[in-house]
Structures are given as C-alpha cells and as structure tokens.
Amino acid sequence: MGQTQSRAMKDAKSIFRVASGNFLEMYDFAVYGFYASFIAQIFFPSDNQFASIMMSFMAFGVGFLMRPIGAIVLGAYMDKHGRRKGLLVTLALMAIGTLTIAVCPGYEQIGVFAPIIVVIGRLLQGFSAGAELGGASVYLAEIAPADKKGFYVSWQSASQQVATIVAGVFGVALHYWLGDEIVSVWGWRVPFIFGCLVVPFLFIIRRTLEETPEFRARAHQAPKKLSAMLVNIVQNWQVMILGSLFVMMTTVTFYFITAYTPTFANKVLHLSRLDSFIVTAIVGLSNLFWLPVAGALSDRIGRKPILIAITILNLITAYPAMYFLTHHISFANLVIVELWFSFIFGSYNGAMVVGLSEIMPREVRALGFSLSYSIAVAIFGGFTPAISTYLIHESGNNAMPGVWLSIAALCSLLAALALFKKGGIHHRRTQGEKASL
C-alpha cells in the first residue's frame with residue numbers, strides 16, 4: 001500500500017512538471033488568438049477590417065505551418081536524446097517566440113518590419129509547439145500504469161485548459177480595469193509579458209524531471225540517426241495519415257472554442273469583449289473537467305466507444321448548434337453552445353490523445369506522435385479562425401463555421417473506424433505492444 005502511494009505521489013509530481021511547461025505552449029497560442037483583432041490594428045493595419053483581421057489570423061495560422069518541421073527536428077531529438085532534454089528545449093524556444101511578439105514595436109513605428117517580426121515570433125512558437133505536445137503526451141504515457149494511461153495523458157490537454165482559463169481571466173481583468181481603448185493601444189501586451197515572466201519558474205520545475213523508465217531501458221541501444229527515423233516514419237505512412245485525420249476534430253473544435261471565440265463573439269455576434277472573455281474562461285473550466293473524466297473512462301470501457309460516439313455527435317449537431325446561436329443571439333446562448341462544443345472536445349480529446357500515442361511505433365513514438373498531431377494542427381486547426389472568418393464572409397451565413405466543424409468530425413470518424421478495423425495498421429505492433437485502443 002505504501003509503495004503504491006509513493007509511486008502515485010511521484011507520478012503526480014511528474015505530471016505537474018510536464019503539464020506546467022505545456023501550459024505555456026497553449027497560453028501563448030490562446031493569447032494571440034484572443035487579441036487577434038488588436039494585433040491586426042497594431043501590426044497589420046488596413047482600411048478594410050476584414051482584410052486586417054484575416055492577415056492577423058493568417059499570421060496566427062502560419063505558426064502552425066512550422067509545427068511539422070518542429071515535430072521532425074525536435075521529435076527526433078527526443079527519441080534520440082530523451083524526453084526530458086527535449087521538453088527543456090521546447091520550453092526555451094516558446095519563450096523566445098513569445099518575447100519577440102510582446103516587445104515588437106507597431107507598424108507606425110517600424111513599418112513593414114513589424115509584421116515580419118511578429119511572423120518570426122509565431123514561427124518560433126510553432127516550431128517549439130511541434131514537439132511540445134507530443135513530447136509531453138509520450139512522457140506521460142510512458143510513466144503511466146497500463147490501466148491508467150488515458151487518465152495520465154489527459155492531463156497534458158488539461159494543462160492547456162488552465163492556460164485558456166488564465167488567458168480568459170486576463171482578458172476579463174484588463175478590459176474591466178483598463179477599458180477597450182487602452183487595451184487596444186498597449187494593454188494587450190500585458191498577457192504576453194506575463195507569459196515571459198513565468199518562464200524561469202517553469203524551466204526550474206521542468207529541469208527536475210526524471211527520464212522515463214521506458215526510454216532509459218533502451219538507452220543502451222545505438223542512437224538512431226534522423227535519416228533512419230524518417231525512413232521508419234515513411235514506412236509507417238498509413239499511421240501518419242490516419243493519425244492526422246484522427247486528430248482533426250479535436251484541433252478544429254479546440255481552436256474554434258478558444259482562439260476564435262473572442263473575435264466571433266465580438267465581431268459576428270456583436271457581444272462585448274468582456275462577455276467574450278468570460279465565455280472563454282468558462283469554456284476552459286469545462287474542458288478541464290471533461291478531459292480527465294474522458295481519459296479515465298476510456299481506461300475502463302476502452303477508447304473506441306467514446307471516440308465513435310463523440311465524432312457522430314459532433315457531425316450531426318455542429319451546424320444546428322451554430323444556427324441556433326446565430327439566430328438567437330445572447331450571452332446565455334453563447335455559453336450554452338460553447339459548453340456543448342466543450343463537452344465534444346473534452347470527451348473526444350481525453351480518449352484520442354492517449355490513443356494516438358498507442359498506435360505509434362515505439363522507436364519513433366515522440367516523432368510520430370508529434371508529426372501526426374502537428375500536420376493536423378497545421379492544415380486544419382491553426383487556420384480554423386481564418387477559415388471560419390472566410391466562410392462567413394463569402395456565404396453571408398454566420399453559422400457556416402458549423403459546417404467546418406462537421407467536416408472535421410466526419411474525417412476523424414472515418415480515421416477512427418480505419419484504425420479500429422480488424423487487420424489494419426495494428427498488425428505492425430508486437431503482441432506485447434498492441435494498442436489498447
């Protein structure tokens with residue numbers, strides 16, 4: 001009994017150390033999405049408001065294009081040198097990217113160099129994030145008991161929700177104390193600066209991480225070269241493609257209910273900025289509840305029932321929910337619809353993330369996970385704010401983002417069915433390593 005409690009306490013500390021760094025990754029991305037309209041005014045000025053916001057969202061999205069590259073370079077580094085060292089590198093790079101955006105002068109001060117510097121900062125953030133999520137998820141999967149992997153890994157995503165809550169609370173406080181005018185001029189920089197100030201604390205915490213037993217067990221093997229790892233990835237191309245589609249729904253839904261919500265609520269629904277940030281903080285709390293619940297439930301009943309049921313739910317309800325909201329606009333209805341999508345996201349992601357780690361070949365687990373997830377985010381999730389804005393602008397239908405959410409659900413449903421198909425990709429794993437999907 002004592003030994004069990006000792007291990008549980010040790011694992012809890014490891015989860016906190018990993019999740020604390022993962023917090024910064026999501027916090028930085030959330031803050032940019034929340035303040036996209038202000039960033040558009042400062043760095044991407046235009047007489048056309050649609051063009052200005054689209055440029056800001058495209059800069060937001062371009063950071064995600066670096067994620068696959070970061071996944072390859074930093075994911076391979078983690079598979080070669082260890083999860084701990086890799087997680088320290090990703091934390092440092094994310095901090096540099098955030099600082100770059102926080103202190104960059106506006107377009108009026110330095111002209112075209114302003115948007116260029118912001119894009120560079122986003123590229124650094126994206127490069128780092130390409131392996132941060134995968135490294136954190138793989139670390140937690142490798143230290144977890146066999147019957148609690150879903151619960152352990154769910155805390156990687158849960159830490160991101162804490163970041164969303166903090167960013168949302170920052171938004172509420174700034175708009176309450178400073179007002180929209182001051183926030184639009186310089187107040188939006190405060191959350192970015194806060195993200196930089198917590199880095200030393202997070203770095204100290206993450207330095208105390210121990211390497212995972214599974215990685216140490218094969219540390220005596222000759223380190224693989226990046227070229228050999230990439231060959232292994234190519235040989236498992238089906239896993240990579242299906243894995244990316246498997247992730248699609250979670251990343252599209254997440255960036256819709258977090259990064260895009262403040263702009264959608266304010267510019268499309270014409271609710272106050274204060275209302276939009278309150279809703280975002282509420283969504284973060286809801287996500288934080290559903291993620292570990294779904295992860296633990298997937299350990300008990302399996303990944304399949306949850307993943308199939310939730311993708312079908314999103315497929316058939318996304319557009320009706322958005323139609324209801326845009327035709328019955330109120331703060332209360334925005335909360336209701338956002339909480340529904342929060343349930344969809346949290347329930348699916350809690351089972352999906354651990355499932356993705358389980359289908360990856362062991363020798364390139366961090367690289368494979370990071371690459372699949374990063375491709376999904378780069379192609380689908382990161383551009384969700386821009387896609388949603390474009391769909392509304394071109395169609396004149398404010399509910400059109402619901403169609404994008406449904407497309408994402410359909411793709412993830414088909415990928416999940418393919419992954420669960422008898423005689424599918426799981427035959428690549430040995431009997432002792434078979435996924436518990």
Side-chain angles (χ1 to χ4, degrees), residues 22 25-26 28-29 32-33 57-81 83 86-87 89-94 96-97 119-139 156-157 160 224-255 259 349 352-353 355-357 359-361 363-387 408 411-412 415 419 425:
N22 199 232
E25 183 256 336
M26 189 59 245
D28 292 338
F29 275 72
Y32 187 101
F57 277 141
M58 290 303 289
F60 178 75
V62 78
F64 291 92
L65 295 179
M66 283 296 290
R67 290 180 74 138
I69 299 175
I72 292 173
V73 176
L74 298 176
Y77 180 87
M78 290 181 182
D79 284 323
K80 184 176 181 180
H81 298 287
R83 318 307 186 202
L87 289 172
V89 172
T90 59
L91 180 61
L93 290 173
M94 181 62 70
I96 295 172
V119 169
I120 291 173
R122 289 290 300 133
L123 292 176
L124 278 173
Q125 288 181 327
F127 184 79
S128 165
E132 168 64 33
L133 188 147
S137 298
V138 168
Y139 185 98
Q156 172 274 125
S157 296
Q160 296 183 339
K224 285 196 170 187
K225 295 181 179 179
L226 176 59
S227 57
M229 292 182 179
L230 292 179
V231 168
N232 196 308
I233 290 295
V234 172
Q235 291 173 343
N236 289 276
W237 64 270
Q238 289 177 303
V239 181
M240 298 298 106
I241 294 175
L242 288 173
S244 295
L245 293 175
F246 193 43
V247 174
M248 183 175 176
M249 191 183 87
T250 200
T251 186
V252 168
T253 306
F254 179 72
Y255 284 103
N349 196 76
M352 184 279 299
V353 174
L356 185 64
S357 72
I359 67 173
M360 291 299 158
E363 60 273 17
V364 287
R365 185 171 292 158
L367 171 56
F369 184 110
S370 298
L371 186 58
S372 289
Y373 206 103
S374 296
I375 289 173
V377 175
I379 298 176
F380 311 118
F383 287 99
T384 286
I387 291 171
C411 291
S412 289
L419 289 169
I425 60 173

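Every heavy atom of this structure was used, including side-chain atoms; hydrogens, water molecules and symmetry mates were not. All figures in this text were calculated on a predicted structure; none of them were measured in a lab.
We find the CG-CG distance between N349 and L356 to be 10.0 Å, quoted to the nearest 0.5 Å. Atom CG of L371 and atom CD1 of I375 lie 4.0 Å apart (nearest 0.5 Å). With rounding to the nearest 0.5 Å, the separation of OG1 in T250 from OH in Y373 is 5.0 Å. Separation of atoms CG (L91) and OG (S128) is listed at 7.5 Å; rounding is to 0.5 Å. Summarising the geometry, atom OH belonging to Y255 is positioned 13.5 Å from atom CD1 belonging to I387; distances are rounded to the nearest 0.5 Å. Residue I379 holds its CD1 atom at 9.0 Å from CE of M248, rounded to the nearest 0.5 Å.
Scanning both residues, V239 and S372, for their nearest heavy atoms gives O-OG, 4.0 Å. Nearest heavy-atom pair, S370 versus S374, reported as atom, atom and distance to 0.1 Å: O-OG, 2.6 Å. Contact record, G126 with R67: O-CG, 3.2 Å, taken as the closest heavy-atom pair. Across S412 and F246, no two heavy atoms sit closer than the pair OG-O, 3.4 Å. Smallest separation of non-hydrogen atoms from M94 and Q125: CE-O, 3.3 Å.
The side-chain heavy atoms of F127 and L93, taken from C-beta on, include a pair separated by under 4.5 Å.
The backbone N or O of M240 lies less than 3.5 Å from a partner atom in the side chain of S244, making a donor-acceptor pair.
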Where do F369 and V247 land on the side chain to side chain contact (heavy atoms under 4.5 Å, CB included) test, with the steps shown first? CA-CA 10 Å; F369 184 110; V247 174; over 6 Å; no
